[in-house]
Structure formats: structure tokens, C-alpha cells
Amino acid sequence: MPRRRQYWLMKSEPDEFSIDDLRRSKNGTARWDGVRNYQARNFLRDDFEAGDAVLFYHSSCDSPGIAGEAVVVRKGYPDPSAFDPDSSYYDPKSDPTRPVWYSVDVKFVRACRNIITRPALAAMPELKTMLVLKRGIRLSVQPVTESEWRVILNHAEWV
DNA sequence: GCCAACGTTGGC
DNA sequence: GCCAACGTTGGC
């Protein structure tokens with residue numbers, strides 16, 4: 001029984017990996033790895049499905065906000081970077097027989113012509129409850145409601 | 001660079 | 001299981 005498509009917001013520091021980096025990736029597709037937070041891990045491992053929609057959010061930068069749209073093309077699987085001693089994401093707690101951390105693959109869909117900034121998001125009454133706008137919420141992977149998704153897509157101009 | 005808020009660690 | 005200390009996140 002196909003489940004309804006779910007919506008997510010995923011944060012990335014554009015200095016590390018931006019929406020343009022995703023666009024330029026092979027097939028526009030990249031592994032989302034390095035998530036080291038249990039609540040975010042649970043989403044990746046248990047709830048992400050191929051076809052789910054993603055808001056690509058730029059964080060820790062001059063103009064934080066929504067930068068584009070992506071789609072999940074591979075559901076959660078053990079994060080290989082956790083097994084790699086040379087990776088900065090290496091975590092000896094995780095091994096292939098008992099993986100702790102999970103990745104998904106996401107594919108570029110489109111970029112916003114302009115970043116939808118936090119002030120712009122905060123100015124939309126429909127987004128009052130959006131997690132990313134709440135102070136103290138720092139989940140790097142978080143669910144978005146269908147109505148939040150719709151409001152944002154209607155607001156954005158796309159490249 | 002500051003700092004508030006959060007998550008994790010580790011002693012007890 | 002408590003909780004203080006520490007490290008990290010992330011907006012400003």
C-alpha cells in the first residue's frame with residue numbers, strides 16, 4: 001500500500017554543500033551523510049521514502065533560508081562515512097553489522113531564484129508553526145507539513 | 001565573534 | 001537516574 005508522500009526540510013551549510021553543489025552532482029544526486037543526531041537519524045532510517053519531497057535549506061551563512069527543492073531517490077541505508085576512519089564523520093560506535101547512522105540519497109529538482117530568507121518565511125502567517133523558525137530547534141532533518149510545503153512552493157520563484 | 005539553547009558524556 | 005560540564009548548532 002503506497003503511503004502518502006512526506007515532506008522534509010534538510011539543512012546544509014552552503015560552504016560545505018549548497019543547492020548548486022547538488023545540482024552539479026552526478027545525475028544531480030548526492031548522498032546525504034554525516035547526520036549525527038538521533039532524532040534526525042530516526043527520520044532518515046524509519047520515515048524517509050523514495051519520492052518524498054525535500055526543502056533544501058542553507059544554514060550558518062550570510063542569508064539562511066530555503067534555497068531549493070530536492071527529492072528523495074533512495075530511502076535510508078547505513079551511512080558509509082561512519083565506517084570510514086579517514087572521514088571526519090567516522091564513528092567507531094557504528095559498524096556495518098550494527099549501523100548507528102543512516103543516509104539517504106537526494107536528487108536536485110530546482111533552485112529558488114532567490115533564497116527565501118528567514119525573515120520572509122517568518123512574515124508568512126501560515127508558517128508560524130514551522131519547526132525551522134522556532135528558536136532552539138536545531139534538527140538538521142525535520143518534517144514539513146503539506147500545507148507548509150504548499151505555501152512555500154507558491155511563494156517561491158524558481159530557476 | 002557572541003551567546004542561547006540543545007544534545008551528549010561521564011562521574012557519582 | 002541525576003546533573004554538571006562540555007561541545008555543537010546556528011541565528012544574529
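Salt bridge status for A:R98 with A:D95: absent, with no side-chain N to carboxylate O gap under 4.0 Å. By the 4.0 Å N-to-carboxylate-O rule, A:R45 lies too far from A:D79 to be salt-bridged with it.
The salt bridge (Lys or Arg N to Asp or Glu O under 4.0 Å) contacts involving residues 123-149 of chain A comprise A:R4-A:E146, where partners must be two or more places apart or lie in separate chains.
Atom CG in A:L139 sits 14.5 Å away from atom OH in A:Y38 (nearest 0.5 Å).
Residues A:Y57 and A:P64 share a closest heavy-atom pair of OH-CB, 3.8 Å.
Considering only residues two or more places apart in sequence or on other chains, A:K11 meets the salt bridge (Lys or Arg N to Asp or Glu O under 4.0 Å) condition with none of them. Contacts of A:F48 classified as ring-ring contact (aromatic ring centres under 6.0 Å, His included), with partners at least two apart in sequence or in another chain: A:W8.
Screening A:V35, A:N37, A:L9 for a side-chain contact (heavy atoms from CB on, under 4.5 Å) involving A:S140 leaves a single residue, A:V35. Each of A:T29, A:V71, A:V72 was evaluated against A:D105; a single residue qualifies, A:T29, per the side-chain contact (heavy atoms from CB on, under 4.5 Å) test.
Taking a pair as Watson-Crick or G-U wobble with both distances under 3.5 Å, the runs of three or more consecutive pairs in DNA chain B are B:1-12 with C:1-12.
Close approach of DNA chain C to chain A, defined as any atom under 4.0 Å from a non-hydrogen atom of the protein, starts and stops at C:dG7 to C:dC12.
No more than 12 heavy-atom neighbours from other residues, nucleotides or ligands sit within 6.0 angstrom of CG on A:D62.
Sorted by residue number, the members of residues 131-142 of chain A with any non-hydrogen atom under 4.0 Å from DNA chain B read A:R135, A:G136, A:R138.
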